Structure formats: structure tokens, C-alpha cells
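Down below is the structure, laid out as C-alpha cells.
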Amino acid sequence: MLSGDLEKLYPSAKTLVKECAASRLHAKDASLYGFAEEAQACAERYMGWTDLASNPPYPLHEIQAFADSVIAQGLKTVVLIGQGGSTQAPMTITKYNKPDSSMVTFKTLDSDSPVRVRAILAEAKPETTLFVISSKSGGTIEPRLALQAVRNAVLASDRMDEVELAEHLVAITDPGSDLERQAREEGWAAVFPGEPSVGGRFSALSVFGLLPAALVGINLEELMMHAVEAERQCSEDAIDNPAIGLAAFLYDNYVQGRNKFSFLTPKRGRVLGLWIEQLVAESLGKEGQGILPNIEIDSLLLTKDPGDRSVIMYQTKNDLWDERRNFEMSLSYIDPTIPRANFKIDTVEELAEHFVMWEYAIAMCGYLMKICPFDQPDVASAKAVVLDILREGQPEPDFIQDFIDDVHMGEVEVRLSPCFKDCTDVRGALRALLGSIQPGDFFALNAFLPFTGEGRREALETIRHGVADKRGVVSCLEVGPRYLHSTGQLHKGGPNCGVFLILSADELKDIPLKQEAESLGSLAKAQASGDLVTLADRGRRCVHLHLPDNSGVTLRGLAEVIVDILEELEAPTR
């Protein structure tokens, strides 16, 4: 049973009940979005998610039977290759489930980083690994090239040949895609068809989420029993509908200028935050509007109400009393004037309830905001820019400089949005970027870097936290290229209140590719440059640094410079 606690009844809840928004969603009534012809037409194509629980388009028993059979054959590892909505819910389900089950190791490859690819392949024996390639369109560039890299590595190891490898490949894709054709021609182990009327970020309870769940030993019947009950609750036109309560909380705070929310949870629940982040930002961040989700790990940043955000808190299962108490104590530091919503989740099966609640709530938020929650126009435009760069080459940097200050570890390529074109050195560009941050803005560190390995994530988190602390704004650490299919939509299509530092780096041991891009590293650099170009075209404040390498010490060096600049900016003018 869905459980949550809102401090009060928000006015727009009555509007949603009066307009029968919940039941109309369940009935796939696209006229709910009749405020714009384009919005209604889009809704007509993408409302298949509303009854996935009660009316699954693909038989659950067939998904379960396939998973049970490969587990019985000795499956030890699943590597999911995909991007965006095809991987976010599976990552949420499998990571949340990990402490409760060690039956199968599940790894998600949604990164361009050769470091990440090598790490995954080093831990996965091909003979006991199933590679699941997941792409609705079947043509998304990241999974296509990641598969190429994985295939080359496995075949080069002489552990198996092409025919044997095909028996370890599974496709999840919409009918008629190039991926489906490839899988059938090459004789892959299985092809699972997606439902074309379900968009990627609304596909958690479709085969895109259910097959990975079954492969790590989750019982689909039990999972979907929770989803069916949540669907019943969330489709009722009633004040106590939890989805209506959540939609009203988000929308009414948005109207009051709180266009961001901080998501706080114990460590186990942060992976749910990543799924929520994509759903909210990509669905609502367009036409100059948007609500920015921010996964926050330091409640001390919320001791004073900045006036532009609310708080959503999730209690999650944790068997350690000390950890539970630690999280509860951290919440006591939050300014009580910040509006908050509280939710609780224990078992992995309960995740299904919250998938349903959030999907209904965000669809209703789109109705209230008069925007279509089912398209992602700026994601598509950014993809086109990346393809142009891969064909025509990198845009020239504005300048190149030896690594910062007295540390000479190679050259930094610097690309700037027009508002910073007068800057001629790295420190000056960073000072101008960070100095442009105003109350009500947000900062995003968009990093096309590996997040594994000693010192890397810690250095990036130092930058993120430093900006939040010293500039008093929401500060986000974004994983590239994942965020391009998530918050990237809001970055480009939402309100112009974002400040962006984009990082990429040369690879010390790159992975070459045979088509479309020279290597995985060149793909990451093209995506980082494409992000800068697209953001700059929309008048955003952004700087792209392409570093000489992605070592922990290089990132720490950059972090030290940024911390120093932040302290200079904070110091009173004399």
C-alpha cells in the first residue's frame, strides 16, 4: 500500500479531482492535453503506460520463464547495455534489490568511458554472462557503439566465437527496429518486443524493466501485484489519491517559485532518485518551464530556506539501526519552512507502487503546467548536433592552455558560450562562470568521465558541494552521457537559470571503434562539445573543459582551483 505524508492539502488537488484527471489518464483520454493540438497528438501516441500493471502487453509468465531458464543454466552476470529510459528503471530495481540477493550480479553499461567498459568486462566471464541490449528505437548511438566495443573485446579474448557470443545476447526493442532485425539475423538468444505506445521514461513496468527484474531473481507476479493496487489507487478521482497529492505538492510549490526539489534518502534509495530525476526533468522541462530534481546528500545545505525549492524525503529499508538514526538526525537540520513530502519504501516489490505513483503524478503535473509530458524535443536536437560533430569534426576550442596554474600535466581545451568569449585563461573562464550564479539559479557539473577509481568521484563531489555551499544554489553532479537523456532536456528546454560546467578528458587507453566514431573517447568528447553547442545556442551560461586525462589527481587539481575561486568570490569586496 502506498504510504506518504504531505503537510497539507494543496489547492490544485481539488482541480485534478474536479477535472477527473486521474481516471482520464487511466482511460488514455488524450483530450486531457487538449490545451495544445501538438500535446494532444503526442499524448494519443504515448499513453500506453497508464495500465501496464493491469493490462501488461507482454505475458509475464514468458518473461519469467526465460529468466528462470537462463538462471538455471548457470547465469552469473547480466550486463545491460542501453541509455536513458531503457536503463534507468532496471538500474533502480536491481541496485535496490542487491543487498537482499546475490543470485546474479547485474551491471549497467550506459557510459562512453573506456574505464567503465574495461571494469565491467574484467568482472564478467562471457561464458556465464548475458548481455542485454536495450533500446526502444534500436538506433540510439551509445548502446550501438557500446555493443560494438563489448563484442570486439569478447571476440579478441578468444573465449568464444561469433556464434557462441550470439547465444549470450538478448535484445529489448520496439517491433521493426534495426536492433530487432540485427538480433534475428545473427540468431541472438531472445528478442523481447517493447510497446510502442510507452515512452522510455514511462517504461519501468514494461518488458524494459521486467526482464532485468526477473533476471536478478525478482518474482514478477508479486512485483506486479503491488503495481496493480497502486494503479487502482492512482487512477481514482479522489483527494486521497497519492498521485494527485504528489502532483499538487509539486505544482503548487512550483507556482510559488519553488521550481526545484531536493531529494533526500539513505544511500540505498538514491538510485530511485535517479529514476525520478529523469521522469520529472525530461517530462516537465520544456517551453521555458520545468521542475528541477536534485539528489542531495548534505542536509546542512538546507538549514536556511532559499525560497526556490521543496524537499522530498524517502525512508528506505536499512537493517542497521545506526544508519537509520543517522538519516533521521540529518533531517532535523532542514529549515522547517521548506515544504516537504515524506514517503517510505521497504521491499523491492514496493518500488512498483512508487513507479506508478510518480508516473501518474508527473503526467498530471504536465496537465496543470499546460505542457506535454511525453515528448523530449531538446534531447533530439542535441543528438543531431553530436552526429554532426562526429561527421565533421570537433569545433575549434576558444583557447588551449597548459593545465591550471603551476601544474603542467598537459593541455586543456576550453570552449565557451558567447557570454564568456572575452575570457582568455582557464581560471578567468571559471571565475566568470561561477561568478554569474545568482539566487534562484542552479549549477550543473556535467561530467563525461569515469566515476569509478580512486579520487574521481570525490573530486567531482568536492566541486558540486563547494558550489552549493558557497553560492547558495542547487548544485547537481550529472553523469554523461546519461544526463543527456534525462535532465539534459530541462537544461536546454527549461527556464534559463542554469549554469553549466562540462568536463571531458583524453583517454589514456582508449577503445577504438570501426564505425561512426573513432573510439569511445571521441564519442564522449563529441557529446560534451555537442552539449556546449546546444546549450550556448539557447543562451545558457556554460564552459566546456576538455582535460588532458581523467586521473583522480588531475580532477583533484581542478577541484582545488574551483574551491579557491569560490572562496575569492565569497570574500567581501575591499
Side-chain angles (χ1 to χ4, degrees), residues 25-28 45-73 75 78 80-82 85-94 97 101 103-104 106 130-138 166-177 179-184 187-232 234-235 347-356 359-360:
L25 279 173
H26 191 254
K28 302 182 175 65
R45 296 193 302 272
Y46 293 111
M47 293 183 77
W49 58 273
T50 67
D51 63 348
L52 281 174
S54 59
N55 187 31
Y58 194 87
L60 296 183
H61 69 272
E62 292 187 21
I63 301 171
Q64 190 78 61
F66 174 81
D68 291 346
S69 69
V70 293
I71 291 172
Q73 292 169 34
L75 177 69
V78 176
L80 176 66
I81 300 173
S86 298
T87 56
Q88 198 57 72
M91 193 187 310
T92 296
I93 295 167
T94 57
N97 184 63
S101 173
M103 182 183 298
V104 174
F106 192 96
L130 191 70
F131 298 95
V132 180
I133 295 80
S134 185
S135 172
K136 273 188 65 64
S137 67
E167 296 172 355
H168 291 257
L169 299 176
V170 170
I172 309 176
T173 186
D174 282 359
S177 74
L179 177 58
E180 180 193 37
R181 176 191 53 74
Q182 178 186 3
R184 296 198 186 283
W188 291 14
V191 178
F192 288 90
E195 170 52 55
S197 66
V198 178
R201 59 187 175 276
F202 287 84
S203 65
L205 296 175
S206 74
V207 67
F208 284 92
L210 296 180
L211 178 61
L215 287 170
V216 295
I218 295 170
N219 183 286
L220 296 188
E221 290 289 347
E222 186 174 347
L223 181 76
M224 293 301 271
M225 280 176 56
H226 285 262
V228 168
E229 174 58 22
E231 185 183 300
R232 182 194 64 76
C234 294
S235 59
T347 67
V348 69
E349 289 81 12
E350 288 177 8
L351 275 175
E353 303 173 10
H354 292 263
F355 288 150
V356 173
E359 287 170 354
Y360 268 82

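Quick caveat, the model's predicted, so the values are computed rather than measured. Heavy atoms only: backbone and side chains are in, while hydrogens, waters and symmetry mates are out.
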Show me the donor-acceptor pairs, under 3.5 Å and distance only, between side chains in residues 212-219 and residues at least two apart or in other chains.
from	atom 1	to	atom 2	distance (Å)
Asn219	OD1	Glu221	N	3.0
Asn219	OD1	Glu222	N	2.9

Could you tell me which non-hydrogen atom of Gly48 sits nearest to which non-hydrogen atom of Leu52, and how far apart they are?
O-CG, 3.7 Å
Just so I know, are the side chains of Val348 and Thr94 near enough to count as touching, which here means a heavy-atom distance under 4.5 Å?
no
Heavy-atom closest pair (Val356 atom, Ala227 atom, distance to 0.1 Å) is CG2-O, 4.0 Å
Atom of Ser235, atom of His26 and distance for their closest heavy-atom approach:
CB-CB, 3.5 Å
Just so I know, are the side chains of Pro90 and Phe208 near enough to count as touching, which here means a heavy-atom distance under 4.5 Å?
no
State, with a plain yes or no, whether a side-chain heavy atom of Leu211 is found less than 4.5 Å away from one of Val170.
yes
Show the numbers, then the answer: is there a side chain to side chain contact (heavy atoms under 4.5 Å, CB included) between Gln182 and Leu179?
CA-CA 5 Å; Gln182 178 186 3; Leu179 177 58; 4.2 Å; yes
Looking at every non-hydrogen atom in both residues, tell me the closest pair between Leu80 and Ser134 and how far apart they are.
CD1-CB, 3.7 Å
How many angstroms lie between atom CG of Asp174 and atom OG of Ser206, to the nearest 0.5 angstrom?
8.5 Å
Is it the case that the side chain of Ser177 and the backbone of Thr173 share a donor-acceptor pair, with hydrogens and angles ignored and the cut-off at 3.5 Å?
no
Any side-chain heavy atom of Glu350 within less than 4.5 Å of one from Thr347?
yes
Counting the benzene-type ring for Trp, do Trp49 and Phe355 have ring centres under 6.0 Å apart?
no
Just wondering, do Arg184 and Glu180 contact through their side chains at under 4.5 Å, heavy atoms?
yes
As a quick check of understanding, evaluate side chain to side chain contact (heavy atoms under 4.5 Å, CB included) for Lys28 and Asp51, giving each step before the final call.
CA-CA 9 Å; Lys28 302 182 175 65; Asp51 63 348; 2.7 Å; yes
Could you list the residues that satisfy ring-ring contact (aromatic ring centres under 6.0 Å, His included) with Phe66, not counting sequence neighbours?
Phe192
Do the side chains of Met224 and Leu210 get nearer than 4.5 Å, heavy atoms only?
yes
Does Phe131 have any ring-ring contact (aromatic ring centres under 6.0 Å, His included) partners at least two apart in sequence or in another chain, and if so, which?
none
Which heavy atom of Tyr360 sits nearest a heavy atom of Thr50, and at what distance?
OH-O, 2.7 Å
With distance as the sole test, does Lys136 use its side chain to make a donor-acceptor pair with the main-chain N or O of Glu195 at under 3.5 Å?
yes
Answer yes or no: is there a side-chain heavy-atom contact under 4.5 Å between Ile133 and Ile172?
no
Sub-4.5 Å side-chain heavy-atom contact between Ser197 and Tyr46:
no
